[in-house]
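What follows is a set of notes on a single structure, which appears directly below.
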2 protein chains.
Amino acid sequence: MDLSLYNKIFENRLRLQIMSILMANEFYDFSSLKELLDATDGNLASNLKTLEKEGYLTVEKSFVDRKPNTRYMKTDKGRKAFENHLIALENLIKQQYK
Amino acid sequence: MDLSLYNKIFENRLRLQIMSILMANEFYDFSSLKELLDATDGNLASNLKTLEKEGYLTVEKSFVDRKPNTRYMKTDKGRKAFENHLIALENLIKQQYK
DNA sequence: GCAAAGAACTTTGTTTTTCAAAGTAAATGA
DNA sequence: TCATTTACTTTGAAAAACAAAGTTCTTTGC
């Protein structure tokens, strides 16, 4: 069976959650992600960095209410990779062998 | 959101495949799994051991055609854990935040 | 103007996981 | 008896995960 769409990057739960949040939202900021996912700063930041390095999301820094704010947004590449991974997962799970 | 059904054991691709094969088949033997999953002996054995330790599958040794044969079968616990994990995955992926 | 606080990291270090390669045991076949 | 097959176990090296602590920059309170 074809596993070319399967993506190891998404084997991590936090990254899976980050991506699925970014699929449902145009963007999401660090603090909100942190709260929502109940993650530590370090863990969240490093997993975001992993996704960013892979080109699956982009980062946009600004000030909101005079406080630093970092927004994350999925890239087209990220969206496709994630969608493909879900397809691969589905195929893998639904496999019916003789 | 509730992630109590999410199961780290199933973050590994090989273990995910093993379980999904055992969901579709009453039993499956080592050689066939190895061939089907294109895995090395060591890797397959250690992942089967992980699932066995967790109580997700049982092992049955016998001789077939005068050759040693090891059959793996999901347990009820394994089936439930896997089904639950799929539910958790689905929830996680379909999450719609504000 | 200085201390404290908040955001978003990075660094550090430990623990865990992954996995291939090599080694092993038991049984069969030539 | 020697090779082969099955199904492992052991070993070891590399990668990944992740929390805690440290860092930087900026704002706010006094």
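The basis for the numbers below is simple: all heavy atoms, side chains too, and nothing from hydrogens, waters or symmetry mates. Throughout, protein chains are lettered first and strands after them, A, B, ... in sequence-line order, and every chain is numbered starting at 1.
Phosphate contact (OP1/OP2 of D/dC18, side-chain N/O of A/Thr40, threshold under 4.0 Å): absent. Contact annotation: B/Tyr72 side-chain N/O to D/dC8 OP1/OP2 distance is under 4.0 Å. Close to C/dA8, at under 4.0 Å from its OP1 or OP2, lies a side-chain N or O of A/Ser31. Taking 4.0 angstrom as the limit, B/Arg15 places a side-chain polar atom (N or O) nearer than this to OP1 or OP2 of C/dT18. Residue B/Lys61 places none of its side-chain N or O atoms closer than 4.0 Å to OP1 or OP2 of C/dA26. The side chain of A/Asn12 places an N or O atom within less than 4.0 Å of a non-bridging phosphate oxygen (OP1 or OP2) of D/dC18. Of the side-chain N and O atoms in B/Lys49, one or more sit less than 4.0 angstrom from OP1 or OP2 of D/dT9. Residue B/Ser46 has no polar side-chain atom (N or O) positioned under 4.0 Å from OP1 or OP2 of C/dC19. Close to D/dT6, at under 4.0 Å from its OP1 or OP2, lies no side-chain N or O of B/Thr70.
A heavy-atom distance below 4.5 Å is not found between the side chains of A/Asn69 and A/Phe63. B/Leu22 is listed as a side-chain neighbour of B/Ile18, based on a closest heavy-atom distance under 4.5 Å. Residues B/Asn84 and B/Asn7 form no side-chain contact, since every pair of their non-hydrogen atoms from C-beta on lies 4.5 Å or further apart. Side-chain contact between A/Phe82 and A/Phe10 is present, with heavy atoms from C-beta onward closer than 4.5 Å.
Comment: A/Lys8 engages A/Glu11 in a salt bridge, judged by a side-chain N to carboxylate O separation of less than 4.0 angstrom.
Atoms CZ (B/Arg13) and P (D/dA15) sit 18 Å apart, rounded to a whole Å. In this structure, A/Asn43 places its CG atom 15 Å from C1' of C/dT14, rounding to the nearest Å. A straight line from CG of B/Leu44 to P of D/dT10 spans 17 Å, rounded to a whole angstrom. In this structure, CD of B/Glu11 is placed 8 Å from P of C/dT18, rounded to the nearest angstrom. Across the protein-nucleic acid pair, B/Phe10 atom CZ and C/dT18 atom C1' stand 17 Å apart, rounded to whole Å. Between B/Leu48 atom CG and C/dC19 atom P the separation is 13 Å, expressed in whole Å. The CD atom of B/Glu52 sits 12 Å away from the C1' atom of D/dC8 (whole-angstrom rounding). As rounded to whole Å, 13 Å separates atom P of D/dC8 from atom CG of B/Leu51.
Map A/Ala39 and A/Phe63 each onto its nearest nucleotide of DNA chain D; the residue landing nearer the 5' end is A/Ala39. In terms of position on DNA chain D, the residue among B/Arg71 and A/Asp41 whose nearest nucleotide sits closer to the 5' end is B/Arg71. Between B/Lys67 and B/Leu14, the residue anchored nearer the 5' end of DNA chain C, judged by the nucleotide with its closest heavy atom, is B/Leu14. Where A/Ala45 and A/Pro68 each meet DNA chain C at their nearest nucleotide, the meeting point lying more 5' is that of A/Pro68.
The residue A/Lys34 sits apart from the nucleic acid: no heavy atom pair falls under 4.0 Å.
Comparing C/dC9, D/dA7, C/dC19 by their closest approach to the side chain of B/Asn47 singles out C/dC19.
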Could you walk me through whether B/Asn43 and B/Thr40 pass the side-chain hydrogen bond (donor to acceptor under 3.5 Å, both in side chains) check? CA-CA 5 Å; B/Asn43 193 12; B/Thr40 58; 4.6 Å; no
